[in-house]
Protein chains: 2
Amino acid sequence: MSGGVEWALHCCVVLTSVDEPAPAARLAQLHDVSPSYLAKQLQALSGAGLIRSVQGKAGGYILARSPGSITVLDVVEAVDGPAPAFVCTEIRQRGPLATPPEACTTPCAIARTMAGAEQAWREALRSVSIADLASDVGSTNPGALAGISTWLRQV
Amino acid sequence: MSGGVEWALHCCVVLTSVDEPAPAARLAQLHDVSPSYLAKQLQALSGAGLIRSVQGKAGGYILARSPGSITVLDVVEAVDGPAPAFVCTEIRQRGPLATPPEACTTPCAIARTMAGAEQAWREALRSVSIADLASDVGSTNPGALAGISTWLRQV
DNA sequence: ACAATCTCGGACACTTTGTATCCGAGAACA
DNA sequence: TGTTCTCGGATACAAAGTGTCCGAGATTGT
């Protein structure tokens, strides 16, 4: 999985506690990561409609929807792409003993197993929202988001 | 995920129906894939103890254990490595507002969510064995494994 | 109305991982 | 004992991920 997913998730949690747009450069400074590369991830989130970009002098990024309606799966798919990790090559239809195409109406057992496992993974990520992550941070580290919110406003 | 996982799984299913060692080159010919690259995957399976290599003139690969005791997860971890897809960089401890290390006794909410999802994925793969895959092939395509078994013996 | 300044957006190099290949070491058979 | 076949690790090639840059566009203030 792409490493930028972690950055994107942290940024979404941070954006929960701000109401004014936050510039990408400032978010990168907060996390001490590459500003240019973080911009790429934020672009992906913007393209997926999870966050909204505001251009101009006081521009930046803000959440496009309610934190409770954005799931972790949404962020992962936006950054890493919606393609599944396992893709069946249908090698059962290749080679000297290839099974005829008319007998391949359903996916093979291997493909079904992999698809089921990825479905379970996807479901687990869909059951957690950005709001859940933010509330967890608020309980384990009280006042952290408030401090970040004020810090983002400062010059 | 590495594409060689599919090849390795198909080879394990095929090895279910043979009792004599099957050479890697013949398995590659059966599936119409790169012989050299398939050899790499079989080496990984051999190193993990899932299959056993027999050198010499009538050598090849055979299953090291009962098909029911080898899970799909075993094969995936042997080929793709046991490392999890998501690795937490602990970026909460970086930047100007870094949380102190003494407050980071437990993994953050993001890391826990990802770990839980991967656990569900791993559990789904662990619940399916090579014997299950072979029996499925035997029911949807009767006689296929028998034909492969005889073909592997031929010159 | 206009210019200045700050923002995002996509196009451009570099590094790491995955893909594919080859030849040497070792064991069984004649 | 020699031959032939096998696996095993070390070696090139390709693709995707990582990181960076500059131009297009909008807002703010004059």
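If you're wondering where the values come from, they're calculated on a predicted model, not measured in any experiment. Numbered from 1 within each chain, the chains take letters A, B, ... in sequence-line order.
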Quick one: side chains of residues 50-65 of chain B, donor-acceptor pairs under 3.5 Å with protein atoms, not counting sequence neighbours, listed by atom name and distance.
{"unit_1": "B/R65", "atom_1": "NH1", "unit_2": "B/S69", "atom_2": "O", "d": "3.4"}

Problem set entry | Partners passing ring pair (Phe, Tyr, Trp, His ring centres under 6.0 Å) against A/W7 (at least two apart in sequence or in another chain) | A/Y37
For this session: Please identify each residue that fulfils salt bridge (charged side-chain N to carboxylate O under 4.0 Å, His left out) with B/D32, with sequence neighbours left out.
Result: A/R94
For this session: Starting from P on D/dT6, measure out to CD1 on B/I51 and report it in whole angstrom.
Result: 15 Å
Problem set entry | Set of residues satisfying side chain to side chain contact (heavy atoms under 4.5 Å, CB included) with respect to B/C108, sequence neighbours excluded | B/C88, B/R92, B/I110, B/A111
Problem set entry | Atom-to-atom span, CE of B/M1 to P of C/dG18 - whole angstrom | 12 Å
Exercise. Taking only residues two or more places apart in sequence, or in another chain, which ones meet B/S129 in a side chain to side chain donor-acceptor pair (under 3.5 Å)?
Worked result: B/D132
For this session: Take atom CD of B/E20 and atom C1' of D/dT6, then tell me their distance rounded to the nearest Å.
Result: 15 Å
For this session: Please state whether the phosphate of C/dT19, meaning OP1 or OP2, lies under 4.0 angstrom from any side-chain nitrogen or oxygen of B/S34.
Result: no
For this session: For B/A24, report the nucleic acid contact type (base, sugar-phosphate, nothing); a contact means any heavy atom under 4.0 Å.
Result: sugar-phosphate
Exercise. Just by modelled atom types, is the B/F86 backbone N or O under 3.5 Å from a matching donor or acceptor in the B/E118 side chain?
Worked result: yes
Exercise. So which pairs with a foot in residues 101-117 of chain A pass salt bridge (charged side-chain N to carboxylate O under 4.0 Å, His left out), sequence neighbours left out?
Worked result: A/R112-B/D136
Exercise. Is the backbone of B/G68 close enough, under 3.5 Å, to the side chain of B/S66 for a donor and an acceptor to pair up by distance?
Worked result: yes
For this session: Name all pairs fulfilling the salt bridge (charged side-chain N to carboxylate O under 4.0 Å, His left out) condition that reach into residues 66-81 of chain B, sequence neighbours left out, sorted by first residue then second.
Result: B/E77-B/R122
Exercise. Under 4.0 Å: is that the gap between some side-chain N or O of A/S46 and OP1 or OP2 of C/dG9?
Worked result: yes
For this session: Go through residues 35-43 of chain A and report each residue with a non-hydrogen atom lying under 4.0 Å from DNA chain D, sorted by number.
Result: A/S36, A/Y37, A/K40
Problem set entry | Separation of C/dG9 C1' from A/R52 CZ (nearest whole Å) | 15 Å
Exercise. For B/Q93, which residues count as a side chain to side chain donor-acceptor pair (under 3.5 Å) partner, sequence neighbours excluded?
Worked result: B/E90
Exercise. Between C/dT19, D/dG8, C/dA20, which nucleotide gets closest to the side-chain atoms of B/S53?
Worked result: D/dG8
Problem set entry | Base-contact (B) and sugar-phosphate-only (S) positions in nucleotides 23-29 of chain D, heavy-atom cut-off under 4.0 Å, - elsewhere | --BBS--
Seminar exercise, completed: Whole-Å distance, B/I62 CD1 to C/dA28 P, equals 13 Å
Exercise. So which of residues 81-96 of chain B are in contact with DNA chain D, with a heavy-atom cut-off of under 4.0 Å?
Worked result: none
For this session: Look at all strands and tell whether B/G4 reaches a base, only sugar-phosphate, or nothing, counting heavy atoms closer than 4.0 Å.
Result: nothing
For this session: Grab the CZ-P distance between B/R26 and D/dC7 for me, whole Å please.
Result: 13 Å
Exercise. B/L133 versus B/V128: any side-chain heavy-atom pair under 4.5 Å?
Worked result: yes
For this session: Take the protein atom CG of A/L152 and the nucleotide atom P of C/dT7, then report the distance between them rounded to whole Å.
Result: 13 Å
Exercise. Tell me, which pairs form a salt bridge (charged side-chain N to carboxylate O under 4.0 Å, His left out) where one or both residues lie in residues 6-22 of chain B, sequence neighbours left out?
Worked result: B/E20-B/R153
